[in-house]
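One structure is given below, encoded as structure tokens.
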Amino acid sequence: MSFCLDEEQCDLFLHASRSEKYRFPFGAQPTDGEVKLKFRVPSQTKEVTLCYSYGLYDFTYHEEPMRLVETTSSFDMYEADVMVSHEPGLVFYWFKFRLNTEYSELFYYVADADTDFGTGKIYHEPPRIGANEEKYPYAWQITVYKRGYKTPDCLKGAQIYQIFPDRFARDRGFNYKKMTSFPAGPERIYHKEWSEDVDIDGKEETGYLACDFYGGSLDGVREKLEYIKSLGINIIYMNPICQARSSHRYDTADYLNVDPVLGGNSAFERLVAEAHKLGIKIVLDGVFSHTGADSKYFNKFDRFEGTGAYKSYITGAESLYRSWYSFIENSDDQVLYHSWWGFPDLPNVDENDLSYRKYIFGKGGVVDTWTSMGADGIRLDVSDELPDGFIRQMRDTLKTCTADEGILIGEVWEDASNKCSYGSYRDFLLGRTHDSVMGYTFREEILNFLKGNINAEVLNSRMEGYRERYPAESFYCIMNLISSHDVPRAYTELACLEEPDERRMQRDMWVPESREAEVSALMRMAYAFQIAYVGCPSVYYGDEVLMQGYKDPFNRRPYPWNMLDGKMQAHLEFVRKLAQIREDNPCLKTGFIETLYASGDVIVFRRFLKDGKDFFGKEIDKGASEIIFAVNRGNKPVDIEVSEEGDVEIVATDCLKNEKSDFVSYGKSGKFNDRIDAIAFKFFL
């Protein structure tokens, strides 16, 4: 016979991982650090035990009796001091106990989802934490990162602009005949007019291969640098620029050379020189899990000089690249090979092959070449498909080539602190690999909130969960995006239209004119949240003018230069003004954060300095010492009051009425007691 606890009894049990009363210090911890854990239980509880498991690739399980440190008539408080592991990894923990009754049944206090302070619940089973297990019930997590882990200061809180090179801008010297004159295969399609829509059919003899080109170039990017700078941008991240068959260029043909259509290596050097003069850094896309079948390395179609791996396998001829690839010969004598997600145009490479690593990391190799030409960092395509050892070597090599200032960003779509792939937890944010990851989790939570799928309480809980699990050195660098080349544009996503299955229908789907004001308002809220929150606000080219489109290829349309209507121009000015607020107030980049209110449609938080210093202890002598940010996704104004003293300038904009996004000053006040229609910033000077 089992014993059941009623709701009142359950409420007496308490551990809250985001409350310093129950876990101190907050959040991720350096190796060899110590954490104090407390657990409150009803007074009739006995055998209170801390259970924990730690490791990364392998885990060990342990139990430790907790000591009683406080008692009252209704509850007891137990405590344990935990020294976290010497090696970077993860510590998962939960609690076990029995009730002082005639029943001897074991109970577990485990983590719960979407709670205000990381509280838990009573469950009849212990958590599942194995890499291949379904993670329910949940354990609390302490991320243990390498002591001394440091990310580049230039990345913390920076504003990032992502460019898909072929579709951003033609340069002033663009010549259609020149674009079509570069040697290429018969599958290529060239757009004569920039205003043409993207191809979805390909050529009749080849089918769709993403081989349509508009002639955007690196000189075109260089000529738009002043425009990019006007958006407050500190870092440009570009999708692949190396020579390749396709226009997306994730099928690398030559790691060491810019595609001639983009202008070649000299165009890259010109771009870097001008960008650096404006204080803008350049991060390149690195594709190292696979190459193109049409490449100097694989050379399946025999379009490059020399013997590639494909011909080497068939004929036995020697090739420098043969050991990079894995071939399979089936019963029909067909030549097969391992490829990325089964796409034959993207043969996988063996990242553990030492000749491949030498090509990437050696003197004169890929990292050395691009950093020598001025690249400031690398974004790793499909990080979860690269071995941890490869990424660690990438970090070490990049940092060596750039005097420790190189930026390494990983493509990770899930929680990067506990990401599992290929049967193991991954070494992603433990101080030995990435500085940052792409913030797809940020995108998911913000857009779900603005679409009404979650409320402010859940949004806040999830965002605070990431802050708890990510090392601060990483958290202040996360690439907080709302669109990218791999997902529908945020403007389309926020319209909540049903996505057609057929590409031709997707191409012809646009946000109805009757919804434009509403969706534009939601876009302003999304961008304002990016500007106010911790991390790096990341703008995918064209989002600043409300470009729309479903995923590839419709999220990769050409930027509409000289074709902006009134609403697009208004949003552009809004982006510029908010970007300037962030630039003028470093507390929005590296200041502390605290949630003040999260309920229903409204969330309010503050970014602030302590004694004139930011989170990292740096003296800040510019801008506000504190900014309170509020956003209301609902269609009715909400009265909120946050009691604070001091001289205050309130800056706000009414987004929901689709009026001009000029900021209105409401004068001086000691309290924040305003009707918030959509977005408000309050400055303490």
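If you're wondering where the values come from, they're calculated on a predicted model, not measured in any experiment. Basis for what follows: all heavy atoms, side chains included, without hydrogens, waters or symmetry-related copies.
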Polar contact flag, side-chain donor to acceptor under 3.5 angstrom, S17-E468: yes
Side chains of D32 and H86: any donor to acceptor distance under 3.5 Å? yes
With a cut-off of under 6.0 Å to the ring centre and 45° to the axis, is K419 in cation-pi contact with Y425? no
The reported gap from OG in S461 to CG in D116 (rounded to nearest 0.5 angstrom) is 7.0 Å
Do we get R582 above F629's six-membered ring, with its NZ or CZ under 6.0 Å from the centre and within 45° of the axis? no
Can you tell me if S355 and S323 form a side-chain donor-acceptor pair at under 3.5 Å? yes
Going by salt bridge (charged side-chain N to carboxylate O under 4.0 Å, His left out), name the pairs with one or both residues in residues 365-375, residues two or more places apart or in two chains. none
Who passes ring-ring contact (aromatic ring centres under 6.0 Å, His included) against Y136, sequence neighbours left out? Y123, Y138
Side chains of Y227 and Y559 only: does a donor on one sit below 3.5 Å from an acceptor on the other? yes
Tell me whether the centres of the aromatic rings in W140 and F92 are closer together than 6.0 Å. no
R245 meets the salt bridge (Lys or Arg N to Asp or Glu O under 4.0 Å) criterion, sequence neighbours left out, with E187, D345
For Y52, the ring-ring contact (aromatic ring centres under 6.0 Å, His included) test, sequence neighbours excluded, returns H62
Assess the pair Y321 and Y356: is the distance between their ring centroids shorter than 6.0 Å? no
Donor-acceptor pairs under 3.5 angstrom involving side-chain atoms of residues 472-481: please list them, not counting sequence neighbours.
from: E473; atom 1: OE1; to: T151; atom 2: N; distance (Å): 2.9
from: E473; atom 1: OE1; to: T151; atom 2: OG1; distance (Å): 2.9
from: E473; atom 1: OE1; to: K156; atom 2: NZ; distance (Å): 3.0
from: S474; atom 1: OG; to: Y149; atom 2: OH; distance (Å): 2.7
from: Y476; atom 1: OH; to: G591; atom 2: O; distance (Å): 2.8
from: N480; atom 1: ND2; to: V534; atom 2: O; distance (Å): 2.8

Output field: ring centroids H485/Y250 closer than 6.0 Å: yes
All side chain to side chain donor-acceptor pair (under 3.5 Å) counterparts of R469, not counting sequence neighbours: D415
Does Y255 have its ring centroid less than 6.0 Å away from the ring centroid of F288? yes
Could you tell me whether Y61 and Y54 have their ring centroids closer than 6.0 angstrom? no
